[in-house]
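Have a look at the structure below, then the notes.
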Amino acid sequence: ALARAPLGEVLKVWEGLGYYARARHLRAAAAAVVRQHRGRLPRTAEALRRLPGIGRYTAAAIASIAFGSDDAVLDGNVTRVLARLFAVGGQIGKAATQKRLWALAQRLVPLGRAGLFNQAMMDMGATVCTPRKPRCQACPLRRVCRAHQTGKQENYPRKARRRAVPHYDIAAAVVERGGRILIGRRQAEGLLGGLWELPGGKVAAGETPARAARREAAEELGIRVRVLGALATVRHAYSHFRVTLHAFRCRYVSGRPRAIGCEAFRWVRPRDLGEYAFPRANLKLFAAIGLRRG
């Protein structure tokens with residue numbers, strides 16, 4: 001059913017959860033399983049890694065927990081446990097450090113019990129060997145943990161210095177005509193791919209948000225609009241950046257809409273907006289301006 005489902009339907013079910021590439025990858029992986037494996041999920045980590053969206057960790061987790069393979073996992077929690085247990089001092093983002101951690105994880109796996117072991121390691125990192133103030137006195141490994149022995153458990157794992165989170169001002173045009181609102185669907189690939197949104201984009205240097213809304217409507221859909229006034233401003237944080245979204249009520253003036261900077265467009269009644277999948281920032285905006293979605 002997932003393999004056959006239209007992308008828009010899958011994204012609608014996923015709406016509001018973020019990380020929309022995961023929904024696209026799940027659908028693509030389902031299609032590959034149907035096409036290449038007669039509808040049955042592969043049982044080995046090697047075969048699982050050939051499916052869209054499945055990397056080394058996910059493949060090992062599925063293979064060990066679901067199918068009993070002897071593959072180790074390495075997620076953030078397991079990384080923290082191993083880095084403290086063996087006092088691994090390299091930056092965890094470095095390839096050499098990752099290689100060492102994977103080798104350590106695999107070396108510790110008890111044959112025939114990898115699924116339980118992997119889940120125990122992940123739970124250890126989540127509940128005992130926590131990033132801050134780890135509960136070392138409750139840890140069954142405290143007597144052999146090198147970081148605990150030196151009292152430097154919170155120095156591990158060593159992470160790269162965080163970069164400043166960028167911020168962008170985004171303009172959005174609420175273009176009205178005959179009681180309908182114009183929306184466009186983003187290109188399938190890339191950030192928020194396949195989702196619907198109001199016409200808009202980043203405000204350029206030296207540009208006002210109102211001018212940006214007018215420009216974006218022309219660049220994305222080939223139409224001229226008149227900005228009638230500001231509607232609302234909302235803020236939203238993504239995983240790697242933050243945005244301030246400025247919405248403007250706009251009147252359609254001229255030009256035949258066409259999909260130039262988007263994949264498709266629709267004139268939609270406000271009550272029908274609920275049939276389409278939108279990014280969370282747009283959902284916040286709809287709530288702020290009082291647009292009810294059926």
Side-chain angles (χ1 to χ4, degrees), residues 8 11-12 15-21 164-293:
L11 292 174
K12 179 59 184 173
E15 186 182 44
L17 296 178
Y19 297 101
Y20 289 92
V165 178
H167 172 271
Y168 305 106
D169 283 293
I170 307 293
V174 182
V175 184
E176 301 173 317
R177 187 182 71 171
R180 296 173 186 256
I181 294 171
L182 186 59
I183 60 174
R185 187 171 65 203
R186 296 175 68 93
Q187 300 292 341
E189 297 302 321
L191 180 69
L192 306 176
L195 296 178
W196 293 84
E197 65 179 2
L198 297 167
K202 291 180 183 177
V203 178
E207 186 179 41
T208 66
R211 288 182 61 186
R214 190 165 56 245
R215 172 182 55 77
E216 288 287 345
E219 292 178 357
E220 288 185 18
L221 295 155
I223 61 173
R224 286 183 60 229
V225 301
R226 179 178 300 157
V227 176
L228 301 179
L231 283 171
T233 298
V234 299
R235 292 173 176 81
H236 187 69
Y238 292 93
S239 56
H240 300 299
F241 62 94
R242 296 185 175 92
V243 299
T244 300
L245 188 58
H246 309 268
F248 295 89
R249 183 167 175 249
C250 299
R251 179 180 297 151
Y252 170 76
V253 176
S254 64
R256 182 180 179 181
R258 56 194 190 280
I260 301 172
C262 57
E263 197 172 76
F265 68 89
R266 297 279 191 281
W267 288 100
V268 181
R269 294 184 180 90
R271 68 172 181 267
D272 295 331
L273 288 171
E275 299 176 10
Y276 300 84
F278 288 90
R280 186 176 288 276
N282 272 219
L283 299 181
K284 286 184 178 180
L285 190 59
F286 291 153
I289 62 181
L291 271 177
R292 291 188 176 182
R293 305 191 309 151

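We number each residue from 1, following the sequence as shown.
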Report yes if the side chains of V174 and F286 come closer than 4.5 Å at any heavy-atom pair, otherwise no.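 Not touching, per the 4.5 Å side-chain cut-off.
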Side chain to side chain contact (heavy atoms under 4.5 Å, CB included) between L221 and V175, intermediate numbers included: CA-CA 11 Å; L221 295 155; V175 184; over 6 Å; no
Ignoring hydrogens and angles, write down the donor-acceptor pairs under 3.5 Å from the side chains of residues 244-251, residues two or more places apart or on other chains.
residue : atom : partner : partner atom : Å
T244    : OG1  : H167    : NE2          : 2.7
H246    : NE2  : D169    : OD1          : 2.9
R249    : NE   : E176    : OE1          : 2.8
R249    : NH2  : E176    : OE1          : 3.4

To the closest 0.5 Å, what do you measure between [atom1] ([X]) and [atom2] ([Y])?
| X | Y | atom1 | atom2 | answer |
| --- | --- | --- | --- | --- |
| E189 | E263 | CD | CD | 9.5 Å |
| R258 | F265 | CZ | CZ | 9.5 Å |
| I170 | T233 | CD1 | OG1 | 12.5 Å |
| K12 | L195 | NZ | CG | 10.5 Å |

Of L192, L273, L11, which is the lone residue that meets side-chain contact (heavy atoms from CB on, under 4.5 Å) with F278?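 By the side-chain contact (heavy atoms from CB on, under 4.5 Å) criterion, F278 pairs with just one of L192, L273, L11: L273.
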Give me each pair satisfying side-chain hydrogen bond (donor to acceptor under 3.5 Å, both in side chains) with a member in residues 277-289, each pair once, sequence neighbours excluded.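 Checked against side-chain hydrogen bond (donor to acceptor under 3.5 Å, both in side chains) - neighbours excluded - the pairs reaching residues 277-289 are H236-K284.
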Pairing residues for F241 by the ring pair (Phe, Tyr, Trp, His ring centres under 6.0 Å) criterion, not counting sequence neighbours: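 Partners of F241 under the ring pair (Phe, Tyr, Trp, His ring centres under 6.0 Å) test: Y168, Y238.
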Going by ring pair (Phe, Tyr, Trp, His ring centres under 6.0 Å), name the residues that satisfy it together with Y252, two or more places apart in sequence or in a different chain.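 For Y252, the residues satisfying ring pair (Phe, Tyr, Trp, His ring centres under 6.0 Å) (neighbours in sequence not counted) are W267.
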Set of side chain to side chain contact (heavy atoms under 4.5 Å, CB included) partners for [X], sequence neighbours left out:
| X | result |
| --- | --- |
| A288 | A232, V234 |
| V253 | R224, R226 |
| A264 | R185, W196, R266 |

Partners of E219 by side-chain hydrogen bond (donor to acceptor under 3.5 Å, both in side chains), sequence neighbours excluded?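 side-chain hydrogen bond (donor to acceptor under 3.5 Å, both in side chains) list for E219, sorted by chain: R215.
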If you look at every heavy atom in [X] and [Y], which pair is closest and at what distance?
| X | Y | value |
| --- | --- | --- |
| A213 | A171 | N-CB, 3.6 Å |
| L231 | I289 | CB-CG2, 3.7 Å |
| V203 | P209 | CG2-CA, 4.0 Å |
| E220 | C262 | O-SG, 4.0 Å |
| A172 | L285 | CB-CD2, 4.3 Å |
| A218 | I260 | O-CD1, 4.3 Å |

Are the side chain of R186 and the backbone of L191 linked by a donor-acceptor contact shorter than 3.5 Å?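 Yes, because the side chain of R186 sits within donor-acceptor range (under 3.5 Å) of the backbone of L191.
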